[in-house]
Trainee: 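Could you have a look at this structure, given as structure tokens, before my questions?
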Number of protein chains: 2
Amino acid sequence: MKKMADGGASTLERRSGVAIWRQIADDIRHGIARGTFDEGGRLPPETALAERFGVNRHTVRSAIAALVHEGVLRSEQGRGTFIERRKRLSYPIGARTRFSDGLRDQTSARRGHLLDHAVEGANPRVAAALGLAEGAAVIRMETMSEADGRPVSRATSWFDAARFPGFAEAYAETGSITLAFKRFGVGDYFRKSTLVSARHADNADLDDLHLAPGAIVLVAVALNVDDAGTPVQFAETRFAADRVELSVATEARNER
Amino acid sequence: MKKMADGGASTLERRSGVAIWRQIADDIRHGIARGTFDEGGRLPPETALAERFGVNRHTVRSAIAALVHEGVLRSEQGRGTFIERRKRLSYPIGARTRFSDGLRDQTSARRGHLLDHAVEGANPRVAAALGLAEGAAVIRMETMSEADGRPVSRATSWFDAARFPGFAEAYAETGSITLAFKRFGVGDYFRKSTLVSARHADNADLDDLHLAPGAIVLVAVALNVDDAGTPVQFAETRFAADRVELSVATEARNER
DNA sequence: AAACATTTGTGCGTATGTATG
DNA sequence: TCATACATACGCACAAATGTT
């Protein structure tokens with residue numbers, strides 16, 4: 001009989017290039033997000049975890065130390081180890097998705113930053129997406145968003161520099177992609193497509209999103225178009241996978 | 001100036017619990033999927049890679065060995081190292097997504113397997129999704145799909161046992177969810193919602209999808225409903241993140 | 001207050017894995 | 001292949017903090 005999807009402790013892999021303590025840390029983090037450790041927000045004692053995973057207590061302690069550093073757990077001598085952060089944010093994706101919307105109801109505080117911007121020649125990928133010639137001038141914007149004081153996503157966006165000169169400045173002033181578009185006469189825009197993939201966080205992600213090495217980022221590559229169907233924004237957003245999930249709502253339409 | 005999104009070699013992290021050779025392997029695999037090594041399907045010489053990553057050639061060789069073992073690369077004495085597998089499959093998600101459709105155009109051979117099935121009591125998560133009472137009898141189906149001889153996804157599905165008695169057998173006979181539903185009078189069904197997240201592969205995933213420890217799975221939790229909007233299938237699908245990306249197509253509709 | 005159980009924190013010695021040259 | 005340095009994992013022991021009897 002195959003193991004069930006809601007299943008228990010997984011066996012650990014030695015000589016895999018991934019340290020046992022890190023595999024255990026990932027397992028515990030996953031279990032927390034899933035609600036496996038729901039006994040009063042308290043993690044089982046180190047000795048119990050060591051036995052469950054079949055490792056030395058030191059190894060469990062290394063895993064816990066990593067999660068404490070991430071802000072997932074908090075240890076108190078003599079009392080135990082407690083869960084600090086539990087749930088993931090759910091980020092909606094749909095035809096009318098705005099990168100600045102969506103998380104509003106779920107968090108008390110949410111902010112977006114413009115980290116950097118520049119005008120440069122479009123590489124083949126960007127040119128193809130925006131329907132421009134390779135090397136055409138595009139504006140690249142590096143932005144970040146936070147929720148409840150923790151970084152959530154990190155995005156790189158490209159815009160046609162000929163059509164939207166000074167877009168980054170408009171975004172910096174208004175703090176909103178939608179408002180910045182309005183300045184250029186784009187009253188409405190739609191999400192045409194989104195490609196979702198996942199990979200290990202690279203060094204820039206680790207830095208920007210405050211992640212531990214080996215962490216995972218969800219990558220959403222999106223194309224926004226205006227009323228006429230002309231591409232206006234191409235964006236690659238990296239989400240911290242342990243803090244965010246993407247929600248694809250497909251309203252049932254009566255087509256056939 | 002911040003690093004560009006299409007950027008080059010990321011710095012490697014020591015003491016991170018993830019061996020340098022594995023970080024390099026992940027980086028190379030990611031680069032291949034992204035098309036960075038497009039010089040005739042040939043990987044740069046080990047010495048060049050060692051210099052690029054700033055490590056010893058032994059370490060690069062460990063990374064390459066792991067990727068050869070995974071089937072991503074192939075080394076030939078005196079000739080070089082070559083790329084075996086290149087692109088990711090793009091898996092569409094939309095209102096009319098079928099788990100058995102979608103990849104048809106992209107691969108030569110595609111198959112689905114029923115690994116296991118059982119009738120059991122619905123846990124709170126499943127019960128809530130299917131709109132049943134907790135503990136109500138549900139059919140759990142464990143399935144797997146392959147493309148071009150390599151495992152692509154691994155799914156766990158739940159169905160109302162009272163409404164669909166013997167669903168697993170119907171699926172096994174027809175090889176199709178759609179046809180199995182037809183037997184129970186469900187002529188059409190829709191994807192109502194999909195939650196996408198990512199995590200490290202657990203031991204069951206590693207085994208089923210032939211992944212290396214530390215690998216990533218994309219997790220899609222989906223709810224299918226019938227014409228009347230009644231939930232008929234709740235499913236959690238795990239995709240090998242280095243072989244699959246999810247594509248969310250949101251056709252521009254003229255709603256406002 | 002004192003004794004005890006529980007739990008986290010620390011030190012040390014050893015074997016193996018990882019990375020360099 | 002060999003030698004070297006460091007990281008990882010183990011086993012055992014004990015200290016420190018907390019809570020209970």
Side-chain angles (χ1 to χ4, degrees), chain A residues 9-29 31-32 36-85 200 203 206 212-215, chain B residues 9-29 43-70 75 77-78 81 200 203 206 212-215:
Chain A
S10 51
T11 318
L12 302 166
E13 302 279 318
R14 317 243 164 188
R15 265 157 276 159
S16 65
V18 182
I20 302 291
W21 65 261
R22 173 142 291 286
Q23 297 182 51
I24 292 175
D26 294 335
D27 205 76
I28 291 176
R29 193 199 297 105
I32 289 172
T36 311
F37 299 106
D38 265 352
E39 304 129 32
R42 189 177 180 281
L43 212 66
E46 294 170 356
T47 48
L49 289 173
E51 194 180 0
R52 179 192 301 191
F53 287 109
V55 300
N56 193 275
R57 190 168 72 97
H58 283 303
T59 310
V60 169
R61 285 180 56 75
S62 296
I64 290 175
L67 294 174
V68 167
H69 184 75
E70 283 181 40
V72 175
L73 296 176
R74 167 180 44 88
S75 287
E76 289 181 31
Q77 174 155 170
R79 304 217 322 127
T81 303
F82 302 89
I83 297 169
E84 278 285 282
R85 202 155 24 80
H200 288 97
N203 207 245
L206 298 181
Chain B
S10 52
T11 318
L12 302 166
E13 301 279 317
R14 319 251 163 180
R15 260 162 295 191
S16 66
V18 182
I20 301 291
W21 64 261
R22 174 142 291 285
Q23 295 183 51
I24 292 175
D26 294 335
D27 205 77
I28 292 176
R29 194 198 298 105
L43 212 64
E46 292 173 357
T47 48
L49 289 173
E51 193 179 3
R52 178 192 302 191
F53 287 109
V55 299
N56 195 279
R57 192 168 75 96
H58 287 307
T59 311
V60 170
R61 284 180 59 77
S62 297
I64 290 176
L67 292 173
V68 167
H69 185 75
E70 283 181 40
S75 288
Q77 171 113 234
T81 304
H200 288 97
N203 208 244
L206 297 181

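Just so it is clear: chains get the letters A, B, ... in the order the sequence lines come, proteins before strands, and each one is counted from 1. Because the structure is a prediction, the values reported are computed rather than measured.
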Trainee: From CD of Gln23(B) over to P of dA7(D), roughly how many Å is that when rounded to an integer?
Mentor: 14 Å
Trainee: Give the rounded distance in Å between these two atoms: CZ of Arg22(A) and P of dT18(C).
Mentor: 16 Å
Trainee: Take the protein atom CG of Leu43(A) and the nucleotide atom P of dT6(C), then report the distance between them rounded to whole Å.
Mentor: 18 Å
Trainee: Measuring from the side chain of Pro45(A) (C-beta onward, heavy atoms only), which nucleotide among dT18(C), dT8(D), dT7(C) has the closest atom?
Mentor: dT7(C)
Trainee: Could you tell me whether the phosphate oxygens of dG19(D), OP1 or OP2, come under 4.0 Å of any side-chain nitrogen or oxygen in Arg79(A)?
Mentor: yes
Trainee: Looking at side-chain heavy atoms only, is the closest gap between Glu70(A) and Arg29(A) below 4.5 Å?
Mentor: yes
Trainee: Decide if atom CD of Glu51(A) counts as having more than 12 heavy atoms of other residues, nucleotides or ligands within a radius under 6.0 Å.
Mentor: no
Trainee: Can you check whether Trp21(A) reaches Val55(A) side chain to side chain, under 4.5 Å on heavy atoms?
Mentor: no
Trainee: Tell me if the side-chain of His58(A) makes a donor-acceptor pair with the base of dG11(C), cut-off 3.5 Å, by modelled atom types.
Mentor: yes
Trainee: Thr81(A) near the nucleic acid: base, sugar-phosphate alone, or nothing, with a heavy-atom cut-off under 4.0 Å?
Mentor: sugar-phosphate
Trainee: Starting at the 5' end of DNA chain D and moving along, which residue's nearest nucleotide shows up first, Gly17(B) or Gly78(A)?
Mentor: Gly17(B)
Trainee: Given dG9(C), dA19(C), dT20(C), identify the nucleotide with an atom nearest to the side chain of Arg61(A).
Mentor: dG9(C)
Trainee: So which nucleotide from dG11(C), dT8(C), dC10(D) ends up closest to the side chain of Glu46(A)?
Mentor: dT8(C)
Trainee: Side-chain N or O of Thr59(A) less than 4.0 angstrom from OP1 or OP2 on dC10(D)?
Mentor: yes
Trainee: Can you tell me the distance, in whole Å, between the CD1 atom of Ile20(A) and the C1' atom of dA15(C)?
Mentor: 15 Å
Trainee: Does Arg14(B) place a side-chain N or O at less than 4.0 Å from the phosphate oxygens OP1/OP2 of dA19(C)?
Mentor: no
Trainee: I need the CD1-P distance between Ile64(B) and dA19(C), as an integer number of Å.
Mentor: 14 Å
Trainee: Whole angstrom is fine here: how far is it from CD in Gln77(A) over to P in dA17(D)?
Mentor: 6 Å
Trainee: Nearest to the side chain of Trp21(A), heavy atoms from C-beta on, is which of dA9(D), dG11(C), dT20(C)?
Mentor: dA9(D)
Trainee: Does Arg57(A) get its side chain close enough to the base of dG9(C), under 3.5 Å, for a donor-acceptor pair?
Mentor: yes
Trainee: For dA19(C), does OP1 or OP2 lie under 4.0 Å from any side-chain N or O of Asn56(B)?
Mentor: no
Trainee: Can you establish whether the number of heavy atoms outside Arg61(B) located under 6.0 Å from its atom CZ is more than 12?
Mentor: no
Trainee: Can a donor-acceptor pair be found, under 3.5 Å and without considering hydrogens, that links the side chain of Gln23(B) to the backbone of Val18(B)?
Mentor: yes
